[in-house]
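Following: one structure in structure tokens, then a few remarks.
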Amino acid sequence: MNPSFWLFKSEPETYSIDDLRNAPDQTTCWEGVRNYQARNLLRDKIQLGDRVLFYHSACAQPAVVGTAIVVREGYPDHHAWDTRHHYFDPKSDPGNPRWFMVDVQFESKFSRPVTLAEIRATKALAKMELLRKGSRLSIQPVRKTEFDRIVQIAERM
DNA sequence: GCCAACGTTGGC
DNA sequence: GCCAACGTTGGC
């Protein structure tokens with residue numbers, strides 16, 4: 001199976017590409033997704049070896065800042081059952097988990113961010129979900145051509 | 001901080 | 001099932 005391609009949003013003040021690079025094994029569980037559409041992707045679609053664009057959102061310079069790779073497929077987000085956890089959700093039942101996550105491993109940090117403005121200005125990227133008006137999906141599919149183009153822009157100093 | 005867009009909740 | 005109210009996201 002060929003890998004699929006995704007874009008994961010994260011607020012850098014919460015979890016940045018540097019946090020991922022500095023994490024043990026440069027790996028983290030992608031916890032805290034509480035949206036059903038994104039949940040379905042995490043649970044059903046995202047596979048081992050899939051490639052991820054790491055996007056910094058809700059910050060001074062929204063941008064794709066690097067890449068990651070999926071190293072564990074969807075499994076229940078157990079934080080939803082921890083009453084003291086920020087991501088606790090009383091409606092998630094361990095017998096029938098409501099929320100899922102995957103594990104991702106750091107792959108690269110771009111030598112420079114590929115900003116939302118640049119993405120918007122690139123014709124070949126015009127169809128990205130990221131650019132859809134009102135789009136807020138924090139886990140979204142990306143075409144291989146789009147993934148490749150963004151990496152290419154990052155390398156084109 | 002503002003605000004548009006979206007998702008969820010809950011009364012009816 | 002409708003829809004108003006509310007909470008969240010995220011660019012600016």
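In what follows, chains carry the letters A, B, and so on, assigned in the order in which the sequence lines appear, proteins first and then strands, with residues in each chain numbered from 1.
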Parallel, tilted or perpendicular: ring planes of A:Phe5 versus A:Phe147, cut at 30 and 60 degrees: tilted
Base-contact (B) and sugar-phosphate-only (S) positions in nucleotides 7-12 of chain C, heavy-atom cut-off under 4.0 Å, - elsewhere: BBBSSS
Distance test, side-chain N/O of A:Lys133 to OP1/OP2 of B:dA4, below 4.0 Å: no
Ring geometry between A:Trp30 and A:Phe54 (parallel below 30°, tilted from 30 to 60°, perpendicular above 60°): perpendicular
Lys/Arg N to Asp/Glu carboxylate O, A:Arg39 vs A:Asp77, below 4.0 Å: no
Qualifying residues under side-chain hydrogen bond (donor to acceptor under 3.5 Å, both in side chains), relative to A:Ser108, sequence neighbours excluded: A:Thr67
Student check: side-chain heavy atoms of A:Lys9 and A:Gln140 closer than 4.5 Å: yes
